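Index from 1, following the sequence. Computed from a predicted structure; not experimentally measured.
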Amino acid sequence: MKEGFDYLEKGSFAKAESYFAEVLNNYPNNKTAQLCYGRAVGLNGDPEKAISLFQDLLLIYPKDLEITLNYYESYLWAKKFEEALPLYKKLVSDYPSNFTANLGYANTLSNLKEYEAALLWINKALELKPQNANAKVSRKYIKLGYANAYSTQKQYAKAEEMLLSIFNDFPNDKDVLLNLANLYLVSSNKEKAIDVYSKMAITKEDSIKSLAGISLVYHIAEKDKIALSYATKAKTESLNTNDSVSNILANERFTQALIWNRKFKLAENQLDSLSNYHKNEKWYLALVATLGMYKSEYDKSIDAYNKILVIDSASFDGNLGKANALYASSQINKAYQSAFTTLEYYNQQKDALAFIDKLNKQYSPYIHEQLAFTFDNGDNSALWSNTSLYIPINEKLTTFAWYKYRKTQNRSTLYNAESNTIGAGASYVINSKIKLNGQIGINKANADSLDYMQPTIELTMAIKPFPLHDLSIGYKREMQNFNAELIAQEIVMQHLSMTYNLGTNINLGWYTQMMYTIQTDQNSRNLLFTSVYYNLLRKPLLKTGINYQYMSFKDQLPAVYFSPEQYHALEWFVDSRGKLFKNTSYISNFALGQQKVEDDDLSTLFRAEVGLTQEISSRLSVNIYGLYSNVASATAAGFEYVEFGLKIKWQLTKLPLFYKKLDKQ
């Protein structure tokens, strides 16, 4: 029966099954042939039949250890690890020096993710047979699983130590190098990740994997141009190999890198060239979905992710990718569900947990406090505060209330005034394209002997008619309260406004606001502000552009407030914002230009704003800011306005109020 043994040894299980079936036709009671046939059947894809065959053999040979060992192993082939556990536990107790029993028990524990115990028993097996290749391979995969468990628990140092120890048995093992690279990626150790990927470049196919891996590292490091250069090298290398896996990886990473660099037309061309042979494959559909996300075509992304989940319901990219697409399209409840589903398949997965935490922070009740001191060169100063409470009732409806206090004075005229405003409102997301906002309040003001109350109202409707297009239409009723003299005038302003922002996929944008204001002093104002901007960088955000502002009043009342017949301003601006450190972010905005009031000469315009935000904890952040502006100059001396302030945001609860009502399955 040497021929049959050779088939089993080489993994030719179908041939082994046929061979031993023929032997049993001639020698039906041959125990060795029966045992080998059961083993061939089980390893050839029918473990349930193998279990039955071994059970029948044990009825004939009830205490035969060799049959027992094969019988227990057949449970592992059938992935019945829970049933196998007590069987192996008793077996190693009865036969502590049996190598196969120790090996089987270790493999059972490993499949049940009891890695510490599995490592203990595989080491016992290797003490019995130190050079056994199968046991060393088992120990490798036990350590890979153990390292992954450490990584999931964010114990990155222990995970690294576990992976490096595998090199004692398998120097520069490809699986270990790949797992090390992934570990360094999730632990943000980009330099080590690049070093590991570089070590993988042994064969031509490995070189493609190496280049694709390094490309991903640079993308995570937010260096997408470098990422594209490595992806291009991988694509070029793939032209010289017939290895389908390497070809797919190279094409996938190259298309991703085009998308990361917002070269959407080239990415679409690449997808078109791949669609003939790959349009129903998961990696291709993931690229389609990614392109949709970058182009704000979220419906296309959701459709692609759904197709992935039809193919593989456990797909990580499919479930978490769909969660992000649903979030972007304002389907928050469904986004939660997709994230929860991701965690069902990938317990404690870092990105899924971070996504859920992001939703929790956005939809948990919070208080926002702003304190500020302002002064200008007209001897006006003001101390004011704004306290706001936001309570999301569900993913669509958010209620809020606020209290505003402002105390102003003028050192020259000795005018003093106070205003207090209290109000409440709500915002409601109708769908991914329409959001409504409404609020109403009461403003109480007193200036010297004057005391009055006025209602305040604000209504807005935000619309997304097309991807990258944002339109807002609004009405607002408020009191003029910039300084003490204006508070004393009891001027009510009613604004009708429309804002429109057009984004593009070429980093260019256009923002426009038009406003018409009617005032109770019989005056009216027209305002136009338009801005053409270009995104130089996305992380950190660096934007520059040109702003133009036009303003005109029906009546000119310079003694009361700035109200020119015509005002023009043109400025160049630079805006930057991003992270300085892990928990510290910044914003800076500078503008320089010229302005013209009626027939006056042109004058220089300058404004600046800087701010720092520090996350004190996961639920508390503090922002300090300062701004300066000399916009709207009406005299030779100019108008200068300065403000310093403090903002505090405190998330009141760890979870949204509606979190318990979510179906977490």
Side-chain angles (χ1 to χ4, degrees), residues 5 8-11 32 35-36 38-39 42-43 47 50-51 54-55 57-58 61-153 155-180 183 347:
F5 297 151
L8 284 174
E9 186 71 24
K10 294 176 181 177
T32 301
L35 192 150
C36 289
R39 189 168 185 82
L43 292 170
I51 291 172
F54 291 135
Q55 285 174 335
L57 271 176
L58 283 172
Y61 308 99
K63 294 185 179 180
D64 189 290
L65 180 58
E66 188 176 13
I67 296 172
T68 300
L69 288 167
N70 278 274
Y71 172 51
Y72 290 177
E73 189 178 357
S74 65
Y75 279 92
L76 303 188
W77 304 336
K79 303 187 184 304
K80 294 184 174 182
F81 309 119
E82 294 284 356
E83 291 92 328
L85 185 64
L87 300 176
Y88 273 112
K89 187 174 183 180
K90 185 177 187 306
L91 192 64
V92 295
S93 177
D94 294 340
Y95 302 94
S97 298
N98 185 280
F99 168 79
T100 305
N102 282 272
L103 176 61
Y105 191 32
N107 287 333
T108 302
L109 290 164
S110 176
N111 281 292
L112 292 171
K113 299 184 178 180
E114 296 182 22
Y115 298 114
E116 185 176 2
L119 194 56
L120 173 69
W121 286 97
I122 197 64
N123 286 335
K124 286 184 178 182
L126 281 163
E127 286 174 8
L128 297 168
K129 290 188 178 182
Q131 299 305 318
N132 184 271
N134 288 336
K136 285 186 176 181
V137 170
S138 287
R139 182 161 67 179
K140 166 188 162 180
Y141 285 103
I142 289 169
K143 287 184 175 182
L144 286 173
Y146 208 169
N148 182 65
Y150 277 135
S151 178
T152 300
Q153 297 162 10
Q155 298 184 51
Y156 301 125
K158 288 185 177 180
E160 180 184 24
E161 182 182 0
M162 187 64 65
L163 290 170
L164 291 174
S165 71
I166 301 175
F167 288 143
N168 295 328
D169 293 326
F170 302 95
N172 289 321
D173 181 85
K174 293 179 184 178
D175 292 329
V176 179
L177 288 171
L178 189 59
N179 276 269
L180 272 172
L183 174 67
N347 186 38

TODO: Decide if atom CD of Glu83 counts as having more than 12 heavy atoms of other residues, nucleotides or ligands within a radius under 6.0 Å.
DONE: yes
Task: Phe54 to Ile67 - nearest heavy-atom pair and separation - done: O-CG2, 4.0 Å
- [ ] Please examine the side chains of Ile51 and Trp77, heavy atoms only from C-beta on, and report whether any two atoms are closer than 4.5 Å.
- [x] no
Task: Which atom of Val92 lies closest to which atom of Ala101, heavy atoms considered - done: CG1-O, 3.6 Å
Task: Point-to-point distance, once rounded to the nearest 0.5 Å, from CG of Leu183 to CG of Leu178 - done: 11.5 Å
- [ ] Would you confirm whether Ser151, through its side chain, and Ala147, through its main-chain N or O, come within 3.5 Å as a donor-acceptor pair?
- [x] no
Open item on the list: For the backbone of Glu73 and the side chain of Tyr88, can you confirm whether one donor and one acceptor N or O come within less than 3.5 Å of each other?
Closed with: yes
Task: Leu58 backbone acceptor or donor facing Asp64 side chain under 3.5 Å - done: no
Open item on the list: Distance check, rounded to the nearest 0.5 Å: Asp94 atom CG versus Lys89 atom NZ?
Closed with: 13.0 Å
TODO: Over all heavy atoms of both residues, which pair between Ala118 and Ser110 is shortest? Give the atoms and the distance, please.
DONE: CB-N, 3.6 Å
Open item on the list: side-chain contact (heavy atoms from CB on, under 4.5 Å), that's the test. Do Ile166 and Leu144 meet it? Break it down for me.
Closed with: CA-CA 8 Å; Ile166 301 175; Leu144 286 173; 3.9 Å; yes
Open item on the list: Could you check whether any side-chain heavy atom of Glu160 comes within less than 4.5 Å of a side-chain heavy atom of Leu180, counting everything from C-beta outward?
Closed with: yes
Open item on the list: Using 0.5 Å steps for rounding, measure from the NZ atom of Lys80 to the OG1 atom of Thr108.
Closed with: 14.0 Å
Open item on the list: Would you call the rings of Tyr150 and Tyr146 parallel, tilted or perpendicular, taking 30° and 60° as the class edges?
Closed with: parallel
- [ ] State which residue, out of Asn168, Asp169, Asn134, fulfils the side-chain hydrogen bond (donor to acceptor under 3.5 Å, both in side chains) condition with Arg139.
- [x] Asp169
Task: pair Leu109-Ile122: side-chain heavy atoms closer than 4.5 Å - done: no
Task: Separation of Asn102 CG from Ser138 OG (nearest 0.5 Å) - done: 12.0 Å
Task: Close side-chain approach of Phe170 to Lys136, heavy-atom, < 4.5 Å - done: yes
TODO: Could you walk me through whether Leu128 and Asn98 pass side-chain contact (heavy atoms from CB on, under 4.5 Å), step by step?
DONE: CA-CA 8 Å; Leu128 297 168; Asn98 185 280; over 6 Å; no
- [ ] Please report the closest heavy-atom contact between Leu85 and Tyr105, naming both atoms and the distance.
- [x] CD1-CE1, 3.7 Å
Open item on the list: A side-chain contact here means heavy atoms from C-beta on lying under 4.5 Å apart; do Phe167 and Val176 qualify?
Closed with: yes
Open item on the list: As an exercise, state the distance from CG of Leu120 to NZ of Lys124, rounded to the nearest 0.5 Å.
Closed with: 5.0 Å
Task: Distance (rounded to the nearest 0.5 Å) between Leu69 CG and Ser74 OG - done: 11.0 Å
- [ ] For the residue pair Tyr141 and Asp175, establish whether any side-chain heavy-atom pair is separated by less than 4.5 Å.
- [x] yes
- [ ] State whether the number of non-hydrogen atoms from other residues, nucleotides or ligands found under 6.0 Å of Glu161 atom CD is greater than 12.
- [x] no
Task: Audit row: Phe99, Leu126, side-chain contact (heavy atoms from CB on, under 4.5 Å) steps and yes/no - done: CA-CA 8 Å; Phe99 168 79; Leu126 281 163; 5.5 Å; no
TODO: Write down the atom of Leu65, the atom of Tyr95, and the distance for their closest heavy-atom approach.
DONE: CD1-CE1, 3.8 Å
Task: Minimum-distance pair of heavy atoms, taken over all atoms of Tyr72 and Leu91 - done: CD1-CD2, 3.6 Å
TODO: Taking Thr152 for its side chain and Asn148 for its backbone only, find out whether a donor-acceptor pair lies under 3.5 Å.
DONE: yes
TODO: State whether the number of non-hydrogen atoms from other residues, nucleotides or ligands found under 6.0 Å of Gln155 atom CD is greater than 12.
DONE: yes
